[in-house]
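Structure first, commentary second.
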Amino acid sequence: MPTRTRAALLALVALLTMATATACTSAVAQQQNSTATALPPGHKPPQGGTLRVGVLNDLSPKTFLQIGTGSMNGHVVSNVFDTLIRYSRDDLTVRPALATRWQLAPDGRSVALDLRDDVRYHDGRAFTSADVESSLKAYTAGPWTPQFKRTAAAVTGYDTSNPHRVVLTFDHPLSNIFDLLDSAPIIDGNTLDGLRAGKVFNGTGPFRFSSWQPNSDVRLVRNDSYWGPRANLDAIDLDIITDQQALYTRLRTGQIDLAYGLNNHDQELATRRYGFNNITYTGAEQQEYVGINVANPALADVRLRKAIAFAIDRE
């Protein structure tokens, strides 16, 4: 079980960039993370238009790269930024993204990644291996404290002599290196200060960051120069609705198309009485980050931690 989560990230990138616009509900935390929409099952992905999504949390630049800090951050990260690799949703195998091929050294102390040569940031600048280095180093430099900060800190060498190939060297074998590469968005080092301040979100993803009105909404627009499949939607409007009852009401009255964060009662009303639909996160769409405090005497014995790992039903 990969020890990382992007909460709604992978789910929403699938929903929004592919424009399936179906409802979602987390099987792990159904009461907090349910989503509903009125589109019928088996519908064809819409072409064009704006998807209006209701979310409970505002954008939080100070916790932008941290897991589990609110759905708004996740929606922006997953749609505006790309990662080097992606886990497949069904069997968690490693799939290409910004990296097309990779080779882990036999001793586990380095990995070489071949990068796409046709990727550009939203401001037009070409993506290169130097961006991999600056992105992973940003994990360790803060102000964010992401869950894979220790993993990123163990990357001690960067060979970026080839703009389309990067070799990462570790000070010890990293069993979760691909978790890091799947979770860490490739950000623009040239505008890092703007990202920290919540003013610039310059990524390579299928949607461009258009605007943010704090406590109101975030707007994303399609990136027509995206290196991957073109998004069907023209734009995504993420409306900040901090009250769960208001979230449900705006869904029921047609003011939003999709609600993320309905409580269990409202979700059942929407689906059973009013014809809205749900889907359930499966595979890599919904994961939970699990960390162990090794400073706790009860967990200090490595044999106990191994026993916990062996006891997990990974299927």
Run through T140, N176, D179 and flag the one making a side chain to side chain donor-acceptor pair (under 3.5 Å) with T151.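 Answer to the side chain to side chain donor-acceptor pair (under 3.5 Å) test with T151 among T140, N176, D179: N176.
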Intermediate values then yes/no, side-chain contact (heavy atoms from CB on, under 4.5 Å), I241 and I256: CA-CA 10 Å; I241 308 168; I256 57 175; 4.2 Å; yes
Calculate, to the nearest 0.5 Å, the distance between atoms [atom1] and [atom2] belonging to [X] and [Y] respectively.
| X | Y | atom1 | atom2 | answer |
| --- | --- | --- | --- | --- |
| T145 | L65 | OG1 | CG | 9.5 Å |
| N162 | H164 | CG | NE2 | 7.0 Å |
| I85 | L98 | CD1 | CG | 10.5 Å |
| Y274 | L269 | OH | CG | 6.5 Å |

Going by salt bridge (charged side-chain N to carboxylate O under 4.0 Å, His left out), name the pairs with one or both residues in [range], residues two or more places apart or in two chains.
| range | value |
| --- | --- |
| residues 117-130 | R116-D118, R125-D131, R125-D188 |
| residues 154-178 | D114-R165 |
| residues 238-253 | D239-R250 |
| residues 137-157 | E133-K137 |

Count the heavy atoms belonging to other residues, nucleotides or ligands that lie under 6.0 Å from CD of Q255, then report whether that count exceeds 12.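 Counting neighbours around CD of Q255, more than 12 heavy atoms of other residues, nucleotides or ligands fall under 6.0 Å, so yes.
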Check: Y260 ring centroid to H75 ring centroid under 6.0 Å: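 Yes: the rings meet the under 6.0 Å criterion.
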For residues F64 and F201, establish whether the separation of their ring centroids is below 6.0 Å.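 Ring-ring flag for F64/F201: true, centres closer than 6.0 Å.
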Throw together a table of side-chain donor-acceptor distances under 3.5 angstrom for residues 204-218, partners on residues two or more places apart or in other chains.
| unit_1 | atom_1 | unit_2 | atom_2 | d |
| --- | --- | --- | --- | --- |
| T204 | OG1 | D82 | OD2 | 2.7 |
| W212 | NE1 | D58 | OD1 | 3.0 |

Under 3.5 Å donor-acceptor, [X] side chain and [Y] backbone:
| X | Y | answer |
| --- | --- | --- |
| Y121 | I187 | yes |
| Q244 | G261 | yes |
| T160 | S129 | no |
| N57 | M72 | no |
| R305 | L299 | yes |

Going by an N to O cut-off under 4.0 Å, is there a salt bridge joining D237 and R52?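 Looking at R52 together with D237, the answer is no, because their closest N to O distance does not fall below 4.0 Å.
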Can you confirm whether [X] sits close enough to [Y] that some side-chain heavy atom of one is under 4.5 Å from a side-chain heavy atom of the other?
| X | Y | result |
| --- | --- | --- |
| L56 | I240 | no |
| L238 | V53 | yes |
| R222 | I236 | no |
| L168 | F170 | yes |
| Y87 | F178 | yes |

What are the two closest non-hydrogen atoms of [X] and [Y], and how far apart are they?
| X | Y | value |
| --- | --- | --- |
| W144 | P61 | NE1-O, 2.8 Å |
| R86 | T83 | CG-OG1, 3.9 Å |
| P185 | F81 | CB-CB, 3.7 Å |

Return the set of residues passing side chain to side chain donor-acceptor pair (under 3.5 Å) with S175 (not counting sequence neighbours), or none when no residue passes.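 In terms of side chain to side chain donor-acceptor pair (under 3.5 Å), with neighbours along the sequence ignored, S175 is linked to no residue.
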Carefully, step by step, assess V166 and V111 under the rule side-chain contact (heavy atoms from CB on, under 4.5 Å). CA-CA 8 Å; V166 61; V111 63; over 6 Å; no
Would you check, one step at a time, whether the test side-chain contact (heavy atoms from CB on, under 4.5 Å) holds for L84 with D182? CA-CA 6 Å; L84 290 170; D182 170 66; over 6 Å; no
